[in-house]
Structures are given as C-alpha cells and as structure tokens.
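Below: the structure, in structure tokens.
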Amino acid sequence: MAHGQGPRRLVLVKGRLRGYRLNERSLSSAPPTRPAGSRPLKHSYTLVFPRHTLWWLVMGLVLIYVVLAMLLTPASIHLLPREMVVGMLRSTYGFPTLLLGIPCGIYLMAWRASDFFVWWWSPRSLVVDDRGLRSGSTSLAWGQVRSIVRRHQEDQLVLRHDRGTYRLRLYLWSDPDELEALVTDSVVAELLEEVHHQVSQGEAVPFGPLTLGDEGLTYKRRLIHWDDIDSIRFQDESDTGAETRELILTVNGRRHKLDEAKVVNAPVLLAYLSARLAG
C-alpha cells in the first residue's frame, strides 16, 4: 500500500552509480564503521496508530452487518428497517451481497486491515542497536538473520532467522524510512561478508531466481558474464494501486524484469554488485 511516497529509482551502471539516495540502501562492500570513541548505535521507535486501516475495517464491519440484517429479518430481528432490507434483497446486488458479503467483510478486516490488529497487540516501542532489534519480549540479533525481503505492497521487511520469521511492519513505527534503512544496513553488513567468502571459494550463492558466482550471474539456467551486464536498477512501480519494486537487469541491451520480493536478500546482492561492477 502507498503512503505518500513518490517513485524512486536507483541505477547501477558499470563503474558508476546514478540516482543513488542515501536512504535507499547502503551499498558499501564492507560493514559501516564508526569513529573511535563514538557512541554505539541505538534508536528507539514508538508505535503509531495505522489510520490507513480504518476504511477497510469499517467497510468489513458494514458488509457483515448488512448480511446479518438480511439473515435475521425473517426471524423478526431487525438490525435495519425492514423496508430497507426488502429493497436490498430485491435489487440486482441483493443475492451477491447475501452470498459474498460475510466472506468479503472478513477478507477486508483480516487482510486489508490486518495492521490494526497487529497494532492492537504490539508493544509500544521498538529498539534498534548494534546487536539487533528488541520489541517487548521479542529479540532478534543481526547474526541470527539469514535473509531479508522487502514487500512493498504490505510495507514490510520480512526477516528469516534461525527460529522462524519476523515481519517488521514499517508503518506501525515512527520514522519508518530511517527504521528500514537501519535494519537493512545492519542485515547487509552481517550477510555480505559471508557472500564474499562463498564466492571466493567458488560456491554458488542463490538470490531467488538469480544465482551469484565468481564468473557472473545465472538467470534461467543461463550464465551472464560480468562484461555482458550493462546496468542494474531498482525502480518503484505503482500498478492499479499496488506498490511494487522491480529489479531491472540489462544484459547486452536486453532488459530482464524481476519482482524484488522474489529476489531473496536483494539489498545484499546489490551491495555485492556495486563493488564488483564499479571496480
């Protein structure tokens, strides 16, 4: 879902970067370091009420209420005026509403308004520091994270770790852009060193539909050598109200589009490629 963000583009071309924005991603090939004697990283975020869910919550409740009114009217239980219920049942949309109203209402409340229920049960604060993140009884160390995926439509960072999956709903917290950048940079710093080691040992490193190796990238069982890669870019897209981001890989003038949500550890891959192609 969109939250007032305009389209952003990041372009990586051989030997140079264009359109880079600091809050997009840290593209350094090594973990960021702080000057000696500087204070440790520690940021606190407060829980924010998800106002964007109210519309879906109300619509779901209204649909369920209308169907219940239709079902209870024959039993002389009138949740709405009888004349109104009879008019709705006789209309073109009466039977579809009676049949699909409750499932649609549950869908709107359980999926489109799910942030409301997560907000209701969430702790009031979230802390991010050098070691990991903490919120209430939940604690996740950066060293435990095995993969990171950005889901733009749900505004989530999905962190898979040794004990399962943690879904960070960015717009439930104050300053979501800073929060996303801090978490992403911290995870990239932990995973990137391992990727360099695996590639140097001749191992293939999977990134969803892409596989990284010392000779280049493999896509659809075809090896793409480094010299054949013209450019790589991440670009935000909005299609019928759904926010997505695509990775566009240009090889010998031909473009290949991939949904970022399907490229596991996409920011780690981009950090590696930035160092490899910029050299």
Side-chain angles (χ1 to χ4, degrees), residues 1-7 44-126 133-138 140 149-160 164-177 179-180 183 236-245 259-262:
M1 62 190 71
H3 292 274
Q5 295 181 341
S44 297
Y45 301 90
T46 56
L47 198 64
V48 176
F49 180 75
R51 291 179 294 178
H52 61 275
T53 64
L54 288 179
W55 166 257
W56 303 112
L57 188 65
V58 170
M59 286 298 297
L61 290 172
V62 167
L63 275 173
I64 293 173
Y65 189 87
V66 168
V67 174
L68 289 177
M70 291 178 175
L71 294 174
L72 294 175
T73 294
S76 298
I77 301 175
H78 302 292
L79 301 181
L80 292 172
R82 179 182 176 84
E83 295 77 11
M84 179 183 296
V85 173
V86 172
M88 287 190 294
L89 288 171
R90 289 177 176 175
S91 69
T92 306
Y93 304 102
F95 181 74
T97 301
L98 183 62
L99 184 64
L100 302 174
I102 290 181
C104 288
I106 293 174
Y107 163 79
L108 293 177
M109 296 172 63
W111 185 67
R112 301 296 294 183
S114 61
D115 280 356
F116 173 82
F117 301 101
V118 175
W119 168 85
W120 183 269
W121 294 106
S122 291
R124 302 296 101 176
S125 65
L126 171 72
L133 60 82
R134 298 185 305 279
S135 180
S137 60
T138 300
L140 179 61
V149 174
R150 176 63 157 94
R151 298 191 181 279
H152 285 266
Q153 189 172 355
E154 296 88 4
D155 287 320
Q156 294 181 11
L157 281 180
V158 181
L159 307 175
R160 301 193 184 279
T165 301
Y166 181 79
R167 298 179 184 275
L168 179 59
R169 298 174 184 248
L170 296 168
Y171 281 87
L172 289 185
W173 303 102
S174 57
D175 204 345
D177 291 334
L179 175 59
E180 179 183 0
V183 172
D236 290 350
E237 299 287 348
S238 180
D239 184 15
T240 63
E243 286 289 325
T244 61
R245 176 181 289 176
D259 185 352
E260 185 195 14
K262 296 180 180 178

Hey, are the side chains of L159 and V183 touching, using non-hydrogen atoms and a 4.5 Å cut-off? yes
In Å and rounded to the nearest 0.5 Å, what is the CD to CZ distance from E260 to R150? 7.5 Å
Run the side-chain donor-acceptor check on residues 92-111: report pairs under 3.5 Å with partners two or more places apart or on a different chain.
from, atom 1, to, atom 2, distance (Å)
T97, OG1, Y93, O, 2.6

Rounded at 0.5 Å granularity, tell me how far CG in L57 sits from NE2 in H52. 11.5 Å
Heavy-atom donor-acceptor pair, S135 side chain to S125 backbone, under 3.5 Å: yes
D155 vs P176 side-chain heavy atoms within contact, under 4.5 Å: no
What I'd like to find out is whether the side chain of L168 reaches to under 4.5 Å of the side chain of Y166, using heavy atoms alone. yes
Distance check, rounded to the nearest 0.5 Å: L179 atom CG versus W173 atom CH2? 8.5 Å
Within 45° cone of W56 ring axis and under 6.0 Å: R51 NZ or CZ: no
Sequence neighbours excluded, the answer for side-chain hydrogen bond (donor to acceptor under 3.5 Å, both in side chains) partners of R169 is S114, D115
I need the R151 CZ to L157 CG distance, nearest 0.5 Å. 11.0 Å
Between V48 and W119, what is the shortest heavy-atom contact and its length? O-CD1, 3.3 Å
N/O donor to acceptor pairs below 3.5 angstrom from side-chain atoms of residues 60-82, sequence neighbours left out:
from, atom 1, to, atom 2, distance (Å)
Y65, OH, L79, O, 3.0
T73, OG1, A69, O, 2.6

Please round to the nearest 0.5 Å and tell me the distance separating atom CG of L126 and atom OG1 of T46. 10.0 Å
Rounded at 0.5 Å granularity, tell me how far CE in M88 sits from CD in E83. 11.5 Å
Which atoms form the tightest heavy-atom contact between V118 and S122, and what is the distance? O-OG, 2.5 Å
